[in-house]
There are 2 protein chains.
Amino acid sequence: MASTMKTTSPPKPRSAGRPAGGGELTKQRIAEVALAQIDEFGLGAFSMREVAARLGVYPATVHWHVSTREALLAEVAAAVMAGVTPPAGKLEWQAWIAELFRRCRDAVRRHPNVAQLLGAQLVSNGSLPTELVEGVLAALTEAGFEGEPLLEAYNCVIAAMLGFLTMEFSPLPADNTQAWAEELRERVHTIRPLDHPVLARNLPLLANKAFIVRWDNGTAVPLDSSFERHIQMTIDGLEAFARRVRPGA
Amino acid sequence: MASTMKTTSPPKPRSAGRPAGGGELTKQRIAEVALAQIDEFGLGAFSMREVAARLGVYPATVHWHVSTREALLAEVAAAVMAGVTPPAGKLEWQAWIAELFRRCRDAVRRHPNVAQLLGAQLVSNGSLPTELVEGVLAALTEAGFEGEPLLEAYNCVIAAMLGFLTMEFSPLPADNTQAWAEELRERVHTIRPLDHPVLARNLPLLANKAFIVRWDNGTAVPLDSSFERHIQMTIDGLEAFARRVRPGA
DNA sequence: ACCTGAACACCGTTCAAGT
DNA sequence: ACCTGAACACCGTTCAAGT
């Protein structure tokens, strides 16, 4: 019963072939365990071998179901983002987009450590629900966009939404968090008013709450009001864009 | 002279202590080599050991100068983003922000593989130039923001800029790019018009050019017009926000 | 101060072999 | 079809020891 912290000890020995117990090993079950692991220790500490260990199985077994580490992560991202798309046809396009933004953020807040997968990995992009794409396009069509402007507006909306969330929940340095936070905090508080007057003057307002000058991410310090404002700005921006495209409305 | 593709063969043997040759090993030189490696093979293939090998040095030597892998990556990100901030006081706030967005994108386009470091890693966030922060705050102050709205507007601007770039240049799956692209392409082109009418109708417009339904990133298929529109929308959004805050202007 | 040489504790993935 | 057991070719980081 030798138990140390992270000993990847071989799983309970058993013979090959499908096990008798009801513990069916499926792609979904693997993704669940992977998500649990990411939730607990972050994406940096995620490993196939640890997933296998948690399932009481050899690493190769996981690969039989999942093909590759990246594919598994895409699966995880898909699971997190499933069901974020609001139902169609019940809201004005502005309200629909606002609702999508909020539901998307709620999903990410439940599993903040997968945030980096959304914006920063093309793989998991591809694993976002098609309903989301269709929904945004439908809303923008209702807003009067078509052709090239539709493409542009769509890209702006997706970038605005996922971009903000990717940044809000971007991970802290894996290891010596304490030391790093202290150093950045120090650096921020010794900003010279002569070199950076506006920043220095607004330091109490910005410290640890503004991008680039913060040492906690959205898990510890959520940017609620900024996100709400971002929704507002996105919609205002879309309306202005729509006016430019079809001035007669 | 045994030379295979990626043999981490021991470096040219030499004795300990500082070498005689003028090849000074500094933090900057290490960051340069790291950046070159990332440019060539991507962030996924980046390794401390390979950096060491390129420098003709043992892995431990790199650690003497850099402390940690994450710290080195932060250094690299800082190097890429150095000098993106436009000079102060020469442009209207709208033009200044637009210029910042464009220069930022140009920097990322020169080193697209570091894009994921910008939005998705809090470490490298902290290594962005303070001038950038100050500049954005100054522009927004000129636009009439102060207090809480200033914080919100700032966060929206940073998220809009870095978020878009993070997404535009998010990396493809490391390995079997070909197969993955083909599969996504296939999936996109078999979308059923009954389930996703707007998407299906606009497929020629969107395929491989819209987020989530593309299989190339910004390196192969740049989203120029979408980015320009994003700048426009951001500024329009800011102006609308400013009007809400101080209706008398 | 700066570097070697070797080790430690991990990785993802592959593959023959079992059932 | 599904899994074991072991191997391959890597990792980042640490540390005593050299100069």
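Because the structure is a prediction, the values reported are computed rather than measured. Just so it is clear: chains get the letters A, B, ... in the order the sequence lines come, proteins before strands, and each one is counted from 1.
For A:L43 and C:dC11, the CG to P distance is 14 Å, given to the nearest whole Å. The nearest whole Å value for the distance from the CE atom in B:M48 to the P atom in D:dC10 is 18 Å. Look at NZ on B:K27: it is 16 Å from P on C:dA1, rounded to the nearest Å. Taking atom CG on B:L72 and atom C1' on D:dT13, their separation rounds to 14 Å, with Å as the unit. Rounded to an integer number of Å, the gap from CG of B:L73 to P of D:dG12 is 10 Å. As a whole-Å value, the separation of B:E50 CD from D:dC10 P is 10 Å. Spacing between atom CG of A:L55 and atom P of D:dT4 amounts to 11 Å, rounded to whole angstrom units. Following rounding to the nearest Å, A:Q37 (CD) and C:dC10 (C1') show an atom-to-atom distance of 14 Å.
Taking 4.0 angstrom as the limit, B:H63 places none of its side-chain polar atoms (N or O) nearer than this to OP1 or OP2 of C:dC2. Applying the 4.0 Å criterion to OP1 and OP2 of C:dG5, one finds that B:Y58 has a side-chain N or O inside that range. Within the structure, every side-chain polar atom (N or O) of B:S47 is placed at least 4.0 Å from both OP1 and OP2 of D:dC10. Between B:T68 and D:dG12 there is no side-chain N or O to OP1 or OP2 distance below 4.0 Å. Between B:T61 and C:dT4, a side-chain N or O to OP1/OP2 separation shorter than 4.0 Å is present.
In this structure, B:P59 and A:S67 both approach DNA chain C, and ranking their closest nucleotides by distance from the 5' end singles out B:P59. Ranked by how close their nearest DNA chain D nucleotide is to the 5' end, A:W64 and A:A60 are led by A:W64.
Salt-bridge annotation for A:D106 and A:R103: absent, with no side-chain N of the basic residue lying under 4.0 Å from a carboxylate O of the acidic one. Ion pairing of A:R187 with A:E182 is absent here, as no side-chain N (NZ or NE/NH1/NH2) approaches a carboxylate O to less than 4.0 Å. Note on A:D216 versus A:R185: no salt bridge recorded, every NZ/NE/NH1/NH2 to OD/OE distance being 4.0 Å or above.
Remark: the A:E152 side chain and the B:S226 side chain contain no N/O donor-acceptor pair separated by less than 3.5 Å.
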Pairs under 3.5 Å (Watson-Crick or G-U), crossing ones as [ ], inter-strand ones as |: DNA chain C comes out as ||.|||||...|||||.||
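Taking the six-membered ring wherever Trp is involved, the centroid distance between the rings of A:F164 and A:F211 falls below 6.0 Å.
Of the candidate nucleotides C:dC3, D:dC2, C:dG12, C:dG12 has the atom lying nearest to any side-chain atom of A:R69.
The residue from B:V33, B:V80, B:L73 that alone fulfils the side chain to side chain contact (heavy atoms under 4.5 Å, CB included) condition with B:I38 is B:L73.
Between the side chain of B:T68 and the backbone N or O of B:A71 there is no donor-acceptor pair closer than 3.5 Å.
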